[in-house]
Undergrad: 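Take this structure, written in structure tokens, and hold onto it; I'll ask about it next.
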Amino acid sequence: MADIVCTATVGERPFEEEHGAFCIAAVTRGTFRYRSRQGTAVMTPGALLLGNANTCFECGHEHSSGDHCLSFQFSSAMLEGVLADVPGGKHVEFDAPNLPACPELVALFADAEVARSEGDADELEEVALRLAGATVTMLTGSLTRPAKISQRDEKRVSEAIRLIEAKGEEQLSLSELADRAATSPYHFLRSFRAIVGMTPYQFLLRTRLHRAAVRLRVTGDAVSEIAFEAGFGDLSTFNRRFRRVMGQTPTGYRLSSQPVSELRRLFV
């Protein structure tokens, strides 16, 4: 993933560039004109720019200055894995230059920006595959078709859940979980989300936060110790994620569970 901040001004002459890999770029700010072999489109916030590998393109700013995109690069093998799980998917090549902004992409855009700000590689991997899946699904018109989950997929997901429950403090990436399940990362992600209602990373994160919350309530262990043993790499990340999910800081959560008499003892 590349965080692309363009500073081109109005009227600045565009120049030819090349997509080194398949590209799906989420436009988060600004507008610009995108020209590629698939056609020309005005890119706006909330839209997806689509680029085929080893093809040339131009971006022009005829009407406004600057823009910001989160650009995800994919190999043909990775996109083939996504296509194999999308009804109607035919070939690894985008036929359109973009996908306009739509309600179905709002939450995914937000997740992408959060993942970028957090800098978590595992979360970014999931967001990238979800973005690829949404793009291919929308291009093939299969958005409303429910995911088909086999008994084998149910077994795979169940085994992954047990692994996360047993080793939730360890680094368990989407790729590793998919390898253990002997399936592609996108197929595993799609199956897991359909069964559990959240992605593997989200489930792993909530498992860690749940265990940390219990320890905060029943032990007097230091917050930093609880964070590290739960699987968080640093205290600031733990504090931020805990507050986002639980609605208060770890320390505040711990204090809220203690009786008034105990709080008086702590602060007197």
Undergrad: Side chains of Gln73 and Ser71: donor-acceptor distance under 3.5 Å anywhere?
TA: yes
Undergrad: Starting from Phe32, can I reach Ile4 by hopping between I/L/V/M/F/W/Y residues whose side chains sit under 4.5 Å apart?
TA: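 Ile4 and Phe32: separate clusters.
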Undergrad: Strictly below 4.0 Å, N to O, side chains only: are Arg211 and Glu229 in salt-bridge contact?
TA: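 Salt bridge flag = no for Glu229 with Arg211.
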Undergrad: I'd like to know if the side chain of Arg254 and the backbone of Thr219 have a donor-acceptor N/O pair within less than 3.5 Å.
TA: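 Yes: the side chain of Arg254 pairs with the backbone of Thr219.
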Undergrad: Starting at CD of Glu123, measure out to CZ of Arg116 and round the result to the nearest 0.5 Å.
TA: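 That separation rounds to 12.0 Å.
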Undergrad: Please test Leu108 against Leu131 for side-chain contact (heavy atoms from CB on, under 4.5 Å), starting from the C-alpha separation and ending with a verdict.
TA: CA-CA 7 Å; Leu108 188 49; Leu131 194 62; 3.6 Å; yes
Undergrad: Distance from Asn52 atom CG to Gln38 atom CD, nearest 0.5 Å?
TA: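 Separation between the atoms: 4.5 Å.
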Undergrad: Between Asp3 and Leu70, is a side-chain contact (heavy atoms from CB on, under 4.5 Å) present by the stated rule, with each step listed?
TA: CA-CA 5 Å; Asp3 201 359; Leu70 302 179; 3.3 Å; yes
Undergrad: Locate the shortest heavy-atom distance separating Pro200 from Leu177; write the atom from each residue and the value.
TA: CB-CD1, 4.0 Å
Undergrad: Is it true that atom CE of Met78 has more than 12 heavy atoms of other residues, nucleotides or ligands lying nearer than 6.0 Å?
TA: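 Counting neighbours around CE of Met78, 12 or fewer heavy atoms of other residues, nucleotides or ligands fall under 6.0 Å, so no.
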Undergrad: If we only count heavy atoms from C-beta on, is the Phe74 to Thr135 side-chain gap below 4.5 Å?
TA: no
Undergrad: Flag the pair His19 / Ser36 as yes when at least one side-chain heavy-atom distance between them is below 4.5 Å, and no otherwise.
TA: no
Undergrad: Are any of the side-chain heavy atoms of Arg217 and Tyr253 separated by less than 4.5 Å?
TA: yes
Undergrad: Is Phe242 close to Phe232 at the side-chain level, that is, under 4.5 Å between some pair of heavy atoms?
TA: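 The answer is no; the side chains never approach within 4.5 Å.
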Undergrad: Within this structure, what is the OG1-CG distance for the pair Thr183 and Leu189, rounded to the nearest 0.5 Å?
TA: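 That separation rounds to 11.0 Å.
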Undergrad: Are any non-hydrogen side-chain atoms of Leu49 and Cys23 less than 4.5 angstrom apart?
TA: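 A side-chain contact exists here, since the closest heavy-atom pair is under 4.5 Å.
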Undergrad: With clusters defined by side-chain heavy atoms of hydrophobic residues (ILVMFWY) lying less than 4.5 Å apart, directly or transitively, does Val42 cluster with Val27?
TA: no
Undergrad: Above 12 or not: heavy atoms from other molecules or residues under 6.0 Å from CZ of Arg215?
TA: yes
Undergrad: Can you confirm whether Asp122 sits close enough to Gln171 that some side-chain heavy atom of one is under 4.5 Å from a side-chain heavy atom of the other?
TA: yes
Undergrad: Dump the intermediate steps for side-chain contact (heavy atoms from CB on, under 4.5 Å) on His187 and Ser191, then the final yes or no.
TA: CA-CA 6 Å; His187 181 86; Ser191 301; 3.6 Å; yes
Undergrad: Using modelled atom types only, decide if a donor and an acceptor are shared between the side chain of Tyr34 and the backbone of Leu50 within a distance under 3.5 Å.
TA: yes
Undergrad: First locate atom CG of Asp85, then atom OG1 of Thr137, and finally report the distance between them rounded to the nearest 0.5 Å.
TA: 9.5 Å
Undergrad: With a 3.5 Å distance limit and no angle check, can you tell me whether Glu126 reaches the backbone of Thr199 through a side-chain donor-acceptor pair?
TA: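 No, the answer is negative, given that no donor and acceptor are paired below the 3.5 Å cut-off.
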Undergrad: Cluster question for you: counting only ILVMFWY and a side-chain heavy-atom cut-off of under 4.5 Å, with indirect links fine, are Ile24 and Met43 together?
TA: no
Undergrad: Taking all non-hydrogen atoms of both residues into account, name the closest pair between Ala41 and Pro97 and its distance.
TA: CB-CG, 4.0 Å
Undergrad: Any donor-acceptor pair under 3.5 Å linking the side-chain atoms of Glu125 with those of Ser175?
TA: yes
Undergrad: State plainly whether the residues Glu165 and Arg162 are in salt-bridge range, i.e. N to O under 4.0 Å.
TA: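 Judged by the 4.0 Å cut-off on N to carboxylate O distance, Glu165 and Arg162 do not form a salt bridge.
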Undergrad: Taking all atoms of both residues into account, what is the closest heavy-atom pair of Arg208 and Gly231, and its distance?
TA: NH1-O, 3.5 Å
Undergrad: For Arg152, I'd like to know if atom CZ has over 12 heavy atoms of other residues, nucleotides or ligands within 6.0 Å.
TA: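 Atom CZ in Arg152 is not packed in, count stays at 12 or less.
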Undergrad: Once you measure the plane-to-plane angle for Phe22 and Phe94, does it fall in the parallel (<30°), tilted (30-60°) or perpendicular (>60°) bin?
TA: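 Rings of Phe22 and Phe94: perpendicular, over 60°.
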Undergrad: Is there a path of hydrophobic side-chain contacts, each under 4.5 Å between heavy atoms of I/L/V/M/F/W/Y residues, joining Leu105 to Met1?
TA: yes
Undergrad: Do you know which two heavy atoms are closest between Ala115 and Val127, and how far apart they sit?
TA: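 Taking every non-hydrogen atom into account, CB-CG2, 4.1 Å.
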Undergrad: For a quick test of reading the model, state the closest non-hydrogen atom pair linking Phe109 to Ala47 and the distance between them.
TA: CZ-O, 3.3 Å
Undergrad: Show, in sequence, the C-alpha distance, side-chain angles and deciding distance for Arg190 and Val82, and conclude whether the side-chain contact (heavy atoms from CB on, under 4.5 Å) test is met.
TA: CA-CA 10 Å; Arg190 181 169 172 264; Val82 174; over 6 Å; no
Undergrad: So, for Cys69 and Ala25, which heavy atoms are closest and what is the spacing to 0.1 Å?
TA: CB-CB, 4.4 Å
Undergrad: Indicate if Met198 and Val114 have the same hydrophobic cluster label, given that clusters are the connected sets of ILVMFWY residues with side-chain heavy-atom separations under 4.5 angstrom.
TA: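 Each belongs to a different hydrophobic cluster.
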Undergrad: Could you point out which residue of Thr9, Val10, Asp67 forms a side-chain contact (heavy atoms from CB on, under 4.5 Å) with His61?
TA: Asp67
Undergrad: Starting at CZ of Arg241, measure out to CZ of Arg206 and round the result to the nearest 0.5 Å.
TA: 9.5 Å
Undergrad: Could you tell me whether Glu118 and Arg244 make a salt bridge, using a distance below 4.0 angstrom between a side-chain N and a carboxylate O?
TA: yes
Undergrad: To the nearest 0.5 Å, what is the distance between OG1 (Thr207) and CD1 (Ile161)?
TA: 8.5 Å
Undergrad: With distance as the sole criterion, is a donor-acceptor pair present between the side chains of Asp153 and Ser150 under 3.5 Å?
TA: yes
Undergrad: Any side-chain heavy-atom pair from Leu99 and Leu139 closer than 4.5 angstrom?
TA: yes
Undergrad: Check whether any side-chain heavy atom of Glu170 lies under 4.5 Å from a side-chain heavy atom of Glu176, and answer yes or no.
TA: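 No, every pair of side-chain atoms sits at 4.5 Å or beyond.
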Undergrad: Tell me whether the count of non-hydrogen atoms from other residues, nucleotides or ligands lying under 6.0 Å of CD in Gln151 goes above 12.
TA: no
